[in-house]
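Please read the structure below before turning to the comments.
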Amino acid sequence: MHERPSSEPDGYTLYQRLLDGEINASADIALAYYDSLCAWLASVSSRLDAHYYLMAVDDALIDLFQRPRTYDPTKGSLLVFLRVAANNRLRNVLRSERRHSDRRAPIDAVEHVALAVKYGQGNIDDDPAEIVERREREEALLAQLPPQHPVSVIPNSITDDLTPAEREVLELHLRKERKTTVFARVMGIADLSPAEQKAQVKRLRDKLDKRLRRAGVNV
Amino acid sequence: MTRPVDLFARRVETDSWFLGFALALYAQSEDLNDERLASTLGCSVADLTSLRLCRRPLSEPAEAFGRDIDTLVRAYGVRADVIAAVARRADAVDSLRRSAEGVPGTPATLMAARDRERNGRSLSDREDRARQADEGNKGDDVQ
């Protein structure tokens with residue numbers, strides 16, 4: 001049986017193999033990262049159905065396999081890139097769910113009227129509870145949507161030369177996240193000692209703060 | 001036990017970029033379940049996940065195809081003749097599918113273009129002959 005990559009994958013080598021067109025590089029990358037990406041996404045976006053994480057991770061990996069140049073190894077590790085990509089995919093999935101839900105709202109209203117009419121005629125073959133349940137599921141989903149991406153409303157001069165991981169840190173920073181462990185996970189430094197994590201997180205947050213102040217953005 | 005990555009490997013079977021696409025076509029046409037597919041290939045059922053997640057071998061140039069097949073043989077211990085047949089069958093199905101969709105440069109569209117050219121030429125040949133015959137007849141009438 002083919003040997004799986006170790007638990008600490010060498011992202012750079014795997015990526016180089018993908019770039020070189022090695023036929024089984026995609027399989028090795030998937031085996032090395034799939035489970036940990038799903039677990040990470042679940043930890044930062046709890047309360048969502050697992051199929052949303054899976055879909056997001058699937059899309060992020062397929063994108064990398066088919067367009068490997070979208071990743072720039074000089075800007076961060078493959079793990080961080082895939083986390084950011086999967087997270088962005090998750091947001092897209094949730095946004096499209098929301099749009100779908102918005103479009104369906106008037107249809108639901110019509111269904112309610114139709115059901116009322118059916119009830120009046122004593123000719124019911126649909127359960128109205130199903131419609132109510134569906135609406136409740138959609139509302140629960142909407143409630144889980146993250147707030148509007150704050151990075152999108154700040155000047156480009158702040159974000160232009162940031163790596164995907166730094167942008168993610170900026171986003172967390174703007175959302176008033178305070179836990180070092182959360183930042184460390186995004187930065188891909190969770191395996192460092194707590195003191196080292198704290199120091200690196202502080203350095204990056206100070207740098208971002210300085211930029212924000214220069215651009216006149218109040219945090 | 002099925003791992004999430006095994007499900008991912010099944011989901012890519014609809015994407016022709018992946019070897020999973022070719023394996024699914026082959027298994028379907030040969031009526032093979034996972035156990036029989038693995039045994040035909042000469043690998044374990046667990047290796048099917050890795051194989052499905054590989055890129056599909058490049059059909060051209062021939063050296064690239066050979067290199068891809070060699071890598072699969074070395075990495076997963078599959079039989080070269082079977083995995084090559086799997087890839088070739090997918091290439092053939094893909095080519096037919098694209099022809100049916102009218103993609104330029106594929107066999108059906110090239111044949112259609114040749115037919116059009118041939119028909120066009122023979123039509124104009126017929127027209128020329130008819131014109132010559134007409135002129136000849138007119139000449140006869142004058143005489």
Side-chain angles (χ1 to χ4, degrees), chain A residues 1-7 9 13-43 45 48-70 79 82 85-86 89-90 93, chain B residues 1-23 34 38-39 41-61 63-78 80 83-84 86-87 90-91:
Chain A
M1 190 172 139
H2 179 59
E3 201 176 311
R4 280 183 60 161
S6 69
S7 57
T13 305
L14 285 171
Y15 174 70
Q16 280 305 320
R17 286 175 52 206
L18 183 70
L19 213 52
D20 292 345
E22 210 175 293
I23 189 168
N24 60 340
S26 51
D28 287 346
I29 290 174
L31 289 170
Y33 291 104
Y34 196 86
D35 291 350
S36 66
L37 281 173
C38 290
W40 177 80
L41 213 48
S43 73
S45 311
L48 282 179
D49 274 359
H51 84 269
Y52 289 113
Y53 311 135
L54 301 180
M55 210 189 299
V57 173
D58 289 2
D59 287 351
L61 284 171
I62 291 173
D63 236 23
L64 173 74
F65 298 158
Q66 298 180 356
R67 294 184 303 144
R69 298 271 178 201
T70 53
L79 176 65
L82 286 171
R89 285 292 182 160
L90 182 63
V93 169
Chain B
M1 199 180 107
T2 307
R3 301 163 299 168
V5 73
D6 298 322
L7 300 176
F8 176 44
R10 299 313 297 242
R11 281 193 289 271
V12 302
E13 286 179 343
T14 54
D15 187 332
S16 61
W17 187 89
F18 289 93
L19 181 57
F21 172 82
L23 287 167
D34 274 6
S39 121
L41 286 163
C43 66
S44 69
V45 173
D47 278 338
L48 289 180
T49 290
S50 298
L51 283 166
R52 287 180 175 122
L53 289 167
C54 288
R55 172 175 56 72
R56 208 170 107 197
L58 297 170
S59 50
E60 286 171 350
E63 309 87 70
F65 184 78
R67 194 169 49 240
D68 283 347
I69 297 298
D70 281 349
T71 305
L72 295 172
V73 171
R74 271 200 316 276
Y76 308 105
V78 289
I83 199 70
V86 165
D91 289 344

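Reminder, nothing fancy here: chain letters follow the sequence lines and each chain counts from 1. Values in this document were obtained by computation on a predicted structure and should not be read as measured data. All values below were derived from every heavy atom in this structure, side-chain atoms included, with hydrogens, water molecules and symmetry-related copies excluded.
- With hydrogens and angles disregarded, no donor-acceptor distance shorter than 3.5 Å links the side chain of A:Y53 to the backbone of A:L37.
- There is no contact between B:R67 and chain A, counting heavy-atom distances below 4.5 Å.
- For chain A, the option among B:L72, B:V12, B:L19 with the highest count of heavy-atom pairs below 4.5 Å is B:L72.
- B:R55 has a carboxylate O that lies under 4.0 Å from a charged side-chain N of B:D68, or vice versa, which qualifies the two as a salt bridge.
- Judged by distance alone, the side chain of B:S50 and the main-chain N or O of A:A27 form no donor-acceptor pair under 3.5 Å.
- Look at B:D6 and B:R3 and you find a salt bridge, because one of the NZ, NE, NH1 or NH2 atoms lies within 4.0 Å of a carboxylate O, short of that distance.
- Listed options A:S26, A:A50, A:G21 were ranked by heavy-atom pairs under 4.5 angstrom with chain B; first place goes to A:S26.
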